[in-house]
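These notes concern the structure reproduced below.
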Amino acid sequence: MGSNRTIVWFRRDLRIEDNPALAAAARDGSVLPVFIWCPKEEGQFYPGRVSRWWLKQSLAHLDQSLKSLGARLVFIKTDSTLNALLECINAIQATKVVFNHLYDPVSLVRDHNIKEKLVELGLSVKSYNGDLLYEPWEIYDEKGHAFTTFDRFWQKCLHKQTEPVSLIPPWQLVPAEAGNLEKCSIEDLGLENELEKPSNALLRRAWSPGWTNADKALTEFMDKQLLHYSENRQRVGGDSTSLLSPYLHFGELSVRKVFQMARMKQILWGNEGNSVGEESVSLFLRAIGFREYSRYLCFNFPFTHERALLGHLSFFPWNADPSNFKTWRQGRTGYPLVDAGMRELWATGWMHNRIRVIVSSFAVKMLLLPWKWGMKYFWDTLLDADLECDILGWQYISGCLPDGHELERLDDPEILGAKFDPEGEYVRQWLPELARMPTEWIHHPWNAPQSVLRASGVELGQNYPNPMIDIDLAREKLTQAIFKMWEIQAASKASSSDARDEVVVDSEYQDIPKVLVLKDKAPCATISANDQKVPALQVQDPKNDLPIRKRTKCMAEKRKNKESSENHEKDSKVSSSDQDTSSTADSSACKKQCSTSTYSFSVPQQCSSSSNLKWLWQEQIDMEQSSGKDGKHSYISKGERKEKKI
């Protein structure tokens with residue numbers, strides 16, 4: 001064993017098994033495991049209540065595990081992660097700092113800056129892949145460009161020659177003494193306040209955070225549920241999915257271990273000729289692939305938490321209506337499946353993935369709410385809130401990705417209800433006012449005869465709302481918004497024909513910036529082959545190899561007819577409300593401090609937070625919760641299920 005004194009900086013890698021940073025430190029001398037909580041640096045992405053509850057439980061679990069190996073986890077609350085690390089370094093006279101990579105835009109900036117500062121001070125700083133099968137900079141096409149469609153990306157991953165290998169946990173740890181280091185208890189971190197504890201206590205009935213519990217959940221899923229995953233995954237009621245996403249988000253579970261266990265099942269069932277099992281594994285691995293792809297997009301295109309990957313969406317005339325947003329999040333839209341999903345989210349911090357797709361599509365396509373509002377609300381309320389996955393999901397639904405939903409695609413919630421909740425059990429569970437509605441009318445009570453409504457105890461407009469918008473009217477408004485987007489885009493292109501090119505070119509072909517160079521400014525002596533790279537972006541030539549998103553024929557014809565029959569007013573510029581659709585979702589201070597190079601960048605620009613850690617509309621939600629105006633929507637309902645889905 002070496003003589004190094006190493007600081008292991010834990011973040012979202014809260015496990016001892018297959019933890020590359022911990023394993024490297026254990027082989028090299030004494031270690032100081034540290035978790036640093038810096039609310040100020042979380043900014044607008046300060047975790048929500050249920051997410052912080054999970055983090056607290058997981059940290060306590062990890063602390064006990066590290067204690068059994070010989071070294072306790074040190075907790076530090078600070079206003080500067082860098083300063084906290086420097087204090088740890090001075091306390092033990094550390095020679096090395098190690099950590100596992102994160103890929104969200106905020107962490108990319110912070111980690112890069114911290115690594116540079118520590119290297120300047122002569123520290124050895126090494127970072128590792130503890131979160132993915134392959135690093136984002138390992139997967140590119142034959143031209144060295146980043147993939148912008150999932151299928152091509154995932155095929156490249158599956159056909160990669162090098163197989164990911166899991167690491168066994170260390171047998172023991174030699175603790176580095178840090179007597180004069182200012183520490184705090186896990187309670188002092190402030191992850192949970194007194195008002196939150198009663199609601200959080202109910203979460204324990206459904207979930208068991210911690211890496212050993214994650215291992216048990218994985219084993220149970222592989223042994224009992226994976227075989228029929230292809231048949232059950234679309235059921236929105238019951239435990240039809242793996243329930244692993246919170247464990248994966250907090251790094252309590254190694255994605256490499258999940259992948260390898262699933263592949264072994266696939267090989268076994270393939271040898272047995274079990275086609276159902278093979279299909280189930282393929283679909284489950286595809287879900288793992290989407291998680292990989294979310295990190296891949298955030299690394300290669302670190303602006304995606306603020307704007308769409310496809311540039312034309314910056315011209316979309318979103319309807320930034322706070323009252324519609326409030327109605328949607330409270331589950332009072334008048335569409336039962338949507339309302340059931342939103343009330344489940346409010347009550348439990350959880351929704352089935354299919355319901356997430358349905359409610360987000362409703363917000364974006366039916367109400368034309370800015371996708372960033374929905375993304376931020378999911379971040380604030382989901383138990384498994386994951387910034388990269390939420391960015392991918394909301395951009396996929398909003399037509400912001402080359403292989404996402406078509407922007408003009410609008411699914412009828414009534415039809416989706418009949419498809420995914422045919423008996424209405426899910427709706428009845430979360431909408432007690434509709435519990436007595438016959439299955440025939442459960443997903444469209446507004447069409448039910450008055451006699452049926454009376455017998456069911458339903459008074460539309462009283463104890464259950466009428467639909468807030470008619471499906472045909474919503475479709476018409478969406479079409480008009482798309483026409484308006486094209487007009488504004490054309491006007492902007494005409495008025496800026498002599499202007500300099502943007503990072504994302506808003507052209508007819510909707511071209512996307514390509515990653516051409518990988519940079520790491522730290523001296524080579526401190527860098528391992530696994531160390532985190534930083535992308536450098538360059539605008540793609542619009543004449544060469546552009547990802548083209550074709551408009552459907554009927555939409556093009558409609559536009560042509562509309563243009564020939566009407567005299568449109570030409571806008572020479574985009575209004576401020578159209579240009580910055582985050583309006584209520586971004587604080588004014590955040591807007592002023594955000595800056596993005598219009599040519600290229602090596603490190604993504606960080607969006608500094610205001611002194612208030614929450615977005616403007618979040619303040620309104622907090623006021624509603626504290627005042628009890630929306631008493632029907634407590635975070636944890638009394639009739640909470642014994643187990644939750646993931």
Side-chain angles (χ1 to χ4, degrees), residues 11-12 37-56 58 102-110 191-192 196 203 245-246 248-251 290-291 294-295 297-298 302-308 322 325-326 328-330 341-342 344-351 353 355-357 359-361 363-364 369-398 400 581-587 590 594 604 606-610 612-622 625 635 646:
R11 287 96 67 77
R12 292 199 296 271
W37 179 237
C38 183
K40 181 179 179 180
E41 292 178 359
E42 299 294 329
Q44 61 185 5
F45 295 111
Y46 184 81
R49 175 185 65 86
V50 290
S51 186
R52 284 183 281 108
W53 170 82
W54 189 290
L55 175 60
K56 180 182 177 182
S58 185
L102 296 176
Y103 307 92
D104 63 274
V106 176
S107 297
L108 277 173
V109 176
R110 181 195 58 206
L191 296 172
E192 181 182 43
E196 294 170 336
L203 290 170
S245 58
L248 286 168
H249 170 73
F250 288 101
F290 276 115
R291 180 182 181 275
S294 71
R295 271 87 174 134
L297 282 183
C298 278
F303 55 81
T304 49
H305 69 300
E306 295 181 334
R307 67 182 192 271
F325 179 60
K326 177 180 178 180
W328 171 75
R329 70 173 189 263
Q330 288 184 342
M342 295 308 293
E344 181 185 21
L345 172 61
W346 190 286
T348 68
W350 165 255
M351 280 191 297
N353 184 65
I355 298 297
R356 299 184 195 198
V357 171
V359 301
S360 57
S361 180
V364 170
L369 291 170
W371 63 268
K372 283 185 284 186
W373 288 18
M375 180 193 76
K376 182 59 169 61
Y377 186 66
F378 271 23
W379 171 260
D380 289 337
T381 53
L382 279 170
L383 188 70
D384 59 346
D386 185 281
L387 182 57
E388 297 98 315
C389 288
D390 286 345
I391 289 171
L392 176 64
W394 281 90
Q395 291 219 17
Y396 180 87
I397 287 298
S398 306
C400 302
T581 55
S582 59
S583 56
T584 65
D586 286 335
S587 68
C590 179
C594 286
Q606 185 173 16
C607 186
S608 303
S609 65
S610 62
N612 182 4
L613 296 176
K614 300 181 180 180
W615 291 11
L616 298 181
W617 56 260
Q618 184 64 32
E619 296 177 357
Q620 181 185 5
I621 297 175
D622 291 343
Q625 292 168 1
Y635 268 95
I646 160 183

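For Trp394, there are no side-chain hydrogen bond (donor to acceptor under 3.5 Å, both in side chains) partners at least two apart in sequence or on another chain. In this structure, the salt bridge (charged side-chain N to carboxylate O under 4.0 Å, His left out) partners of Asp104, at least two apart in sequence or on a different chain, are Arg12. Partners of Thr304 under the side chain to side chain contact (heavy atoms under 4.5 Å, CB included) rule, at least two apart in sequence or in another chain, are Cys298, Phe301, Leu309, Ile391, Gln395. Ser398 pairs by the side-chain hydrogen bond (donor to acceptor under 3.5 Å, both in side chains) definition with nothing, not counting sequence neighbours. With sequence neighbours left out, Trp53 forms a ring pair (Phe, Tyr, Trp, His ring centres under 6.0 Å) with no residue at all.
If you take CG on Leu382 and SG on Cys389, they are separated by 10.5 Å, rounding to the nearest 0.5 Å. With values rounded to the nearest 0.5 angstrom, Leu392 atom CG is found 10.0 Å from Arg295 atom CZ. In this structure, Glu388 CD and His305 NE2 are separated by 11.0 Å, a value rounded to the nearest 0.5 Å. Here Arg11 contributes atom CZ and Ser107 contributes atom OG; the two are 6.0 Å apart, rounded to the nearest 0.5 Å. Between Asp390 atom CG and Asp384 atom CG the span is 8.0 Å, to the nearest 0.5 Å. Annotation: the span from Trp371 atom CH2 to Lys376 atom NZ amounts to 13.5 Å, rounded to 0.5 Å.
Listed for the Trp328 side chain is no donor-acceptor partner under 3.5 Å among the backbone atoms of Ser360. Checking side-chain atoms of Thr348 against main-chain N and O of Glu344 turns up a donor-acceptor pair under 3.5 Å. With hydrogens and angles ignored, the 3.5 Å screen pairs no side-chain donor or acceptor of Arg356 with any backbone N or O of Gly393.
Remark: of the listed residues Phe378, Phe45, Tyr103, Phe45 is the sole one forming a side-chain contact (heavy atoms from CB on, under 4.5 Å) with Leu387.
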*Start with the C-alpha distance between Leu383 and Trp54, add both sets of side-chain angles, then the distance that settles side-chain contact (heavy atoms from CB on, under 4.5 Å), and finish with yes or no.*
CA-CA 7 Å; Leu383 188 70; Trp54 189 290; 3.8 Å; yes
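Here the shortest heavy-atom pairing between Gly349 and Val50 reads CA-CG2, 4.4 Å. Of all non-hydrogen atoms in Arg52 and Pro47, the two that sit nearest each other are NE-O, 3.0 Å. Closest approach of Val359 to Met342, counting heavy atoms only: CB-SD, 3.7 Å. Contact record, Gly341 with Met351: O-SD, 3.1 Å, taken as the closest heavy-atom pair. Of all the heavy atoms in Thr381 and Tyr377, the pair that sits closest is OG1-O, 2.7 Å.
A salt bridge links Glu192 to Lys56: at least one charged side-chain nitrogen sits closer than 4.0 Å to a carboxylate oxygen.
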